[in-house]
Protein chains: 2
Amino acid sequence: MTDAPLVSAAVARPLRADARRNFEAVLAAARDAFATNGPDASLEDIARRAGVGIATLYRNFPTRASLIEAVYFDEVDALCRAAGQFGELPPWEALIAWLRRFVDYATTKRALLDGLNRDSDMFRNAKYAMFEAGKPLLARAQASGDARADVEISDVLFLISGLLSVSYANDEQRERVLGLALDGIRPPRP
Amino acid sequence: MTDAPLVSAAVARPLRADARRNFEAVLAAARDAFATNGPDASLEDIARRAGVGIATLYRNFPTRASLIEAVYFDEVDALCRAAGQFGELPPWEALIAWLRRFVDYATTKRALLDGLNRDSDMFRNAKYAMFEAGKPLLARAQASGDARADVEISDVLFLISGLLSVSYANDEQRERVLGLALDGIRPPRP
DNA sequence: CATTATATGGAGGCACCCCTCCGTTTAGCA
DNA sequence: TGCTAAACGGAGGGGTGCCTCCATATAATG
């Protein structure tokens, strides 16, 4: 989060100190609100939570979509960075570790995606960035024979992200289903 | 659709001819609207589409939730009935055929689930009914060695329903991911 | 400290949705 | 065909969220 974002530089931050502070406050409140109330969360409520007037919110994010995008954007960026951190783990474990990180992120993501224009440039960029981040991990697992050769990183991510949108009876079942899906990625034993 | 519903008799249909007609019209319009606009679709709009006054909608469905439930209910009921139709197919094909039917249904379902109280009795009943409908199909596939023995029907349905909430690049990819998931259900070859 | 460009907040107009109330219409029945 | 209970429609009051406008406050600069 300290360096320039990986995904794009689409969000130009304002200059004055208070403006910058408010920008961050709104973003944080929005992340919270969208996760809690879905993509239709009241903008006035978000401003209130951020301790900011509604006009300030609008000045930074002229449309609801731009706010959703900004939040989504931050999340994706953090996730892409995380992909580099698993270099020391064995190939399959590294892949799993990142996917697990992906699981966490996707919980928030889901609420956002519902309200996001999937055809926007931003979304396309984010998806591309995420695929690029995950590719080396998958390639490594394929090279070591831990993952079947005929899957793409996009397949894997679609597979996983789908599973997360379901509300399971309990965590145990969620793990079981997740395991089931991951078994689909492992090569068939001959 | 001609017999009494399998899931429960929760939805009492009105008696007079015009009332019955309007009831069905609202239900159909609602199914449409929820699929298109999600669970927040305007009730006044639904009434308009059904060619019915707003009051008539409210008379039949006092709350938004009751309308959502009624739609959901119809879908589940139809799906449960469908489970019986695949008796002549080989075990694995029968399971797949029903799951494919499930795929179609789940597209509508998703919009509904977002707006549905997952803890309601209705929802519990529906889930139970669906599991019961699918169980024999899975059991048959397990008996013939086409599906691994350590999965439950609920695992399978959760797995599949998750996959559908994702918007894929194209149908081909959707099929590939679906195939991936189904591979997770087949027994590991020794 | 004074100046000024920048940023702020919240009132208010607009639009939409929810839901109830009640005068009118109609199906069912004899 | 005439009666009556059942059903109907839509106007309208209440509420909420969206977004703009502008008088006020404040960070930055010399």
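Residue numbers start from 1 in every chain, and the chains themselves are labelled A, B, ... in the order their sequence lines are given, proteins ahead of strands. Note that the structure is a prediction, hence the values are computed from the model and not measured.
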Taking Arg100(B) first and then Glu175(B), would you say they form a salt bridge - that is, a charged N and a carboxylate O separated by under 4.0 Å? yes

Sidechain N-carboxylate O distance under 4.0 Å for Arg48(A), Asp45(A): yes

Without decimals, in angstroms, what is the distance between [X] [atom1] and [N] [atom2]?
| X | N | atom1 | atom2 | result |
| --- | --- | --- | --- | --- |
| Ile46(A) | dC19(D) | CD1 | C1' | 14 Å |
| Arg20(A) | dA27(D) | CZ | P | 15 Å |
| Arg21(A) | dT6(C) | CZ | C1' | 14 Å |
| Asn22(B) | dT26(C) | CG | P | 12 Å |
| Arg59(B) | dG9(D) | CZ | P | 8 Å |
| Leu57(A) | dT20(D) | CG | P | 12 Å |

Short question: side chain of Asp74(B), backbone of Val71(B) - any donor-acceptor pair under 3.5 Å?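 It does not hold such a pair.
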
Validation: residues 88-97 of chain B side-chain donor-acceptor distances under 3.5 Å, sequence neighbours left out:
none

With the criterion being N/O to N/O and under 3.5 Å, what pairs connect the protein with nucleotides 12-18 of chain D, and how long is each?
from    : atom 1 : to       : atom 2 : distance (Å)
dC18(D) : OP1    : Arg64(A) : NH1    : 2.7
dC18(D) : OP2    : Leu43(A) : N      : 3.0
dC18(D) : N4     : Glu44(A) : OE2    : 3.3

Can you run down the side chain to side chain donor-acceptor pair (under 3.5 Å) pairs that involve residues 131-142 of chain B, sequence neighbours left out, and say none if there aren't any?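 For residues 131-142 of chain B: Glu132(B)-Lys135(B).
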
Which residue pairs satisfy the ring-ring contact (aromatic ring centres under 6.0 Å, His included) criterion with at least one member in residues 135-154 of chain A, sequence neighbours excluded? none

From the candidates dA7(C), dA7(D), dG9(C), the one with an atom nearest any side-chain atom of Ala19(A) is dA7(C)

Pairs under 3.5 Å (N/O, protein and nucleotides 28-30 of chain D):
from    : atom 1 : to       : atom 2 : distance (Å)
dA28(D) : OP1    : Ala17(A) : N      : 3.1

Are Phe34(A) and Tyr72(A) close enough that their ring centres sit under 6.0 Å apart? no

Which of these passes side-chain contact (heavy atoms from CB on, under 4.5 Å) with Met130(A): Ile153(A), Asn125(A), Val76(A)?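 Only one option passes, and that is Val76(A).
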
Non-neighbouring partners of Ser42(A) that pass side-chain hydrogen bond (donor to acceptor under 3.5 Å, both in side chains), sequence neighbours left out: none

Identify, between Thr56(A) and Pro62(B), the residue whose nearest nucleotide on DNA chain C lies closer to the 5' end. Thr56(A)

